[in-house]
Every structure is written in C-alpha cells, then in structure tokens.
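Remember, it's 1-based here, ligands and their atoms both numbered in the order they're listed.
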Amino acid sequence: MKVYLDNNATTIVDPYVFEEMEPFFVQKYGNPNSLHGFASATHEPLKIAMEKIYAGINAPKEDSVVITSCATESNNWVLKSVYFEYILTGRKNHIIISEVEHPSVIATAKYLETLGCKVTYLPINHEGIIEARTLKDFITNKTALVSIMWVNNETGALFPVREIGDICAQKGVLFHTDAVQAIGKTPVDVQSFNVDYLTMSAHKFHGPKGVGALYMKKGRELTPLMHGGSQMGGLRSGTLNVAGIVGMGKAMEQAVDALGFEMSDIKDLRDRFEDELLKIPDTFVVTPREKRVPNTILISFRGIEGEAMLWDLNRAGIAASTGSACASEDLQSNPVMEAIGAEADLAHTAIRFSLSRYTTKEEIDYTILVVLEAVKRLRGISSSYAYAPEGHDSGLTKGH
Ligand code: C6P
C-alpha cells in the first residue's frame, strides 16, 4: 500500500483542478497580453479564476491579490519591499518575525540584517505557539513590519493572528501573515481581521506547483520585486501562468467547499491516529490538538532518530517527514523542537504526519501498524533508548 502523509510539503492536484488546467497547455496557450483570439480566449477563464481566489479569502474588490510563482516569492516580496520603502529610506529600521517562520521568511530576514535592518525573532511558548502579548514589548516607533505565520508548517499550530493584527493596527505597524498552511484547513477571511499582506501557495491546497499569491490591502500596495511588463497591474511582471492561475482558482474553490469536511472528518481521522500513536510509551506531541489545524501531527518517539523512522516508513510505502521539506536534507533537529527547548535527544526524533482530504481510514490503519513495528525494531537497536531515564518528564504532551 502507498500512503501519502506529507501534505504540508505538497498535495496531490485535485483531478477537477487538473481537468480545468489542461486546455491551457495545447489549445488555449495564448499570451493573455497579446492582441488576438488565442490571447482573448484566456481572459474569461483568468477573470473567473481570480474571482475564486478573491472569494476564497473574502478579499474585497478594491484590495489586490497578485499572482506570484510561489509562497517563497510572496514572502520575499513583502520583506524586501518593506525594506526598500521604509528601512532603506531611513524612516524605520526594524522588523519582527517569529523564530519558527518558514525559511523563506527567516532567510530573507537574516539577509536584510546584513544590510542593516534590525530583526526581532519572537519566541514560541512550550506549546509551540506565539503569545500575542509578548509582541507589544518588542514594537517600537522604528518597527516597519510584523510577519507572523498563520499556521506553523511543522506542528500545525494556529498562531493568534487576530490579536497580532489588532496590536499592529493599534501601533500603526504593517502586518503580514504567511497563510500557506491555513488555506483549506481553517477559515481565512481577510475582512474579519487586521491584515495588510497575506501569502498563499496553490500546491498546499491541491492546486499546481509554481503558482502562489500575495494579498495586499488597498493602499498598502508594495513596490514590485519583479520589474518589467504591465502584468498584474505592473505589480508583478512576467507572462501570466494561465494554467497555474486557472488551477489555483479551482483549487481555492474546492478547498473552501471541503473546509467543513477537513475540520470534521479529517480531524477525527487525525485524532484517532494520534490517539493510537500516543499509546506507544515515550511518545510526545508538542501542540495541543485544539490549538492545531485538523491535518497535522508532529510527534516524537524517544530513542528513535527521525530519519531512521522515515526509512522504515518509506520502505513500507508511507511518506512522512521530519519537518519542513526545504530543510530535510541538512539532518538538523526540528527547528520547532529546538525552539521549545526540547532535550537534544528528543529534538532529533520528531516526525511530521500531515493528512489531506484524500487520506483514508484504511491508510491510517495501515500506517499505525507500520509505526508500531518500526518503533519496536528501532528501539530494539537504539542505544539512547536503552539508557533513557525511566519516567523522564519532557514537558510535552505525553503518551502512556
Ligand atoms: N513548506 C514544508 O514541507 P513554496 O514552496 O514557496 O510555495 O512554499 C514555501 C512555504 C512558505 N510558508 C510556509 C508556511 C510553508 O509551509 C512553505 C512550504 C513545505 O513545510 C516545504 S519547505
């Protein structure tokens, strides 16, 4: 059996999404900016797709949703343009992010530090969550931007974006949220909270890879990162990825339709899976379930290196991860585990299982059996587990 439980890394393209994209490769392949029928054949589908993306996050018409190539581009755009507009000009000198943002935010912030920008890395608490009240202490009159993700990609933890948005609005600071892991897993409505910029990526909600978006509130339009032609109102130049945009629109529509199912049925499946995993002695989960999106589990099996567990799972046809796919080759311990101050031997044992609306009960039953076997085998040969102190308290949510 093949089981895909790495949906926070990427998702299968929904067959209806694929079907809608297909004509734009070999039939309607015109450049939308050209002046002929091949071009105009793309106009209505593009308009419909953009309407679906706006509707999916409840963005009003006067705000901008600009299509990019991925969330990494959207995140780079916000931080670098804020640097150009506010910091390079000397008006401000400071941005605030969390210490567990995706590398596309952290690496950009670190780069901006080399250019003289001051960066505060907000800590997470023992549950892997940012506490909004801590933000107040760090905002100064030189702070240009707060960039905090809506949902953490490693743990699935929901961050308090409403409170953070309110604090930023009160203090007159721009607020960006990376909502890549939120779309399709929790309601995202840009009109119901204070947000200036919001990042999305289609391949995280059963759309195609290579297409993302950046939402910008009216009046907050950023200077372009990509200069060139007049596409996207001149905000993001480059020939439009027609098939990608059509796919993203359909995927957004499907994600919104399936949200209820995700928040009930997939949550139940995830919870049952987690209950079974936590029956294994010396297993730990960082963030409590009610503070997480419905599809994610980051779990540690004491004494078992994450990579060793992945090896056993992969041999049995199961795809999971030790955390963010971008960092999977460096064999570092999981950054969230490090940030919560987990003991060194636990920090290397984290495994991320991320479900989707395509995950079935049979797949989860099979995975439970494979994990039980893997734990038995790997702990049997683990020197660190043999010497683990009996009943040692890790401070995390614990199995029996
Ligand atoms: N996270 C993961 O395994 P792109 O690939 O640029 O569309 O998405 C980047 C990105 C940005 N923000 C968050 C919160 C993300 O989770 C990701 C992608 C994957 O967790 C791959 S590293």
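Contact between Glu101 and ligand 1 is absent, with no heavy atom of the residue lying under 4.0 Å from the ligand.
Distances between N or O atoms of Ala71 and those of ligand 1 include at least one value under 3.5 Å. Taking only nitrogen or oxygen atoms, main chain and side chain alike, Ser104 does not reach within less than 3.5 Å of ligand 1.
Annotation: Trp150 is in aromatic contact with Phe193 [ring centroid separation under 6.0 Å].
Taking the six-membered ring for Trp and thresholds of 30 and 60 degrees, Phe38 and Tyr29 have ring planes inclined between 30 and 60 degrees apart.
Stacking of Lys110 on the aromatic ring of Tyr121 is recorded, both the 6.0 Å distance cut-off and the 45° axial limit being met.
Of the heavy atoms in His203, only side-chain atoms (C-beta onward) come closer than 4.0 Å to ligand 1. Only the side chain of Val180 comes within contact range of ligand 1, with a heavy atom under 4.0 Å; no backbone atom does.
Taking the charged nitrogens against the carboxylate oxygens, Asp268 and Arg272 have no contact shorter than 4.0 Å, which rules out a salt bridge. Using a 4.0 Å cut-off between charged nitrogen and carboxylate oxygen, Lys291 and Glu127 count as a salt-bridge pair.
Heavy-atom contacts of Ala9 reach the following atoms of ligand 1: 2 (C), 3 (O), 19 (C) (cutoff under 4.0 Å). Interface atoms of ligand 1 facing Met149, defined by a heavy-atom separation under 4.0 Å, are 14 (C).
Formation of a donor-acceptor pair under 3.5 Å by the Ser356 side chain with backbone atoms of Tyr358 is found in this model.
Comparing heavy-atom distances from atom 16 (O) of ligand 1 across Glu73, Gln181, Lys209, Arg352 singles out Gln181 as nearest.
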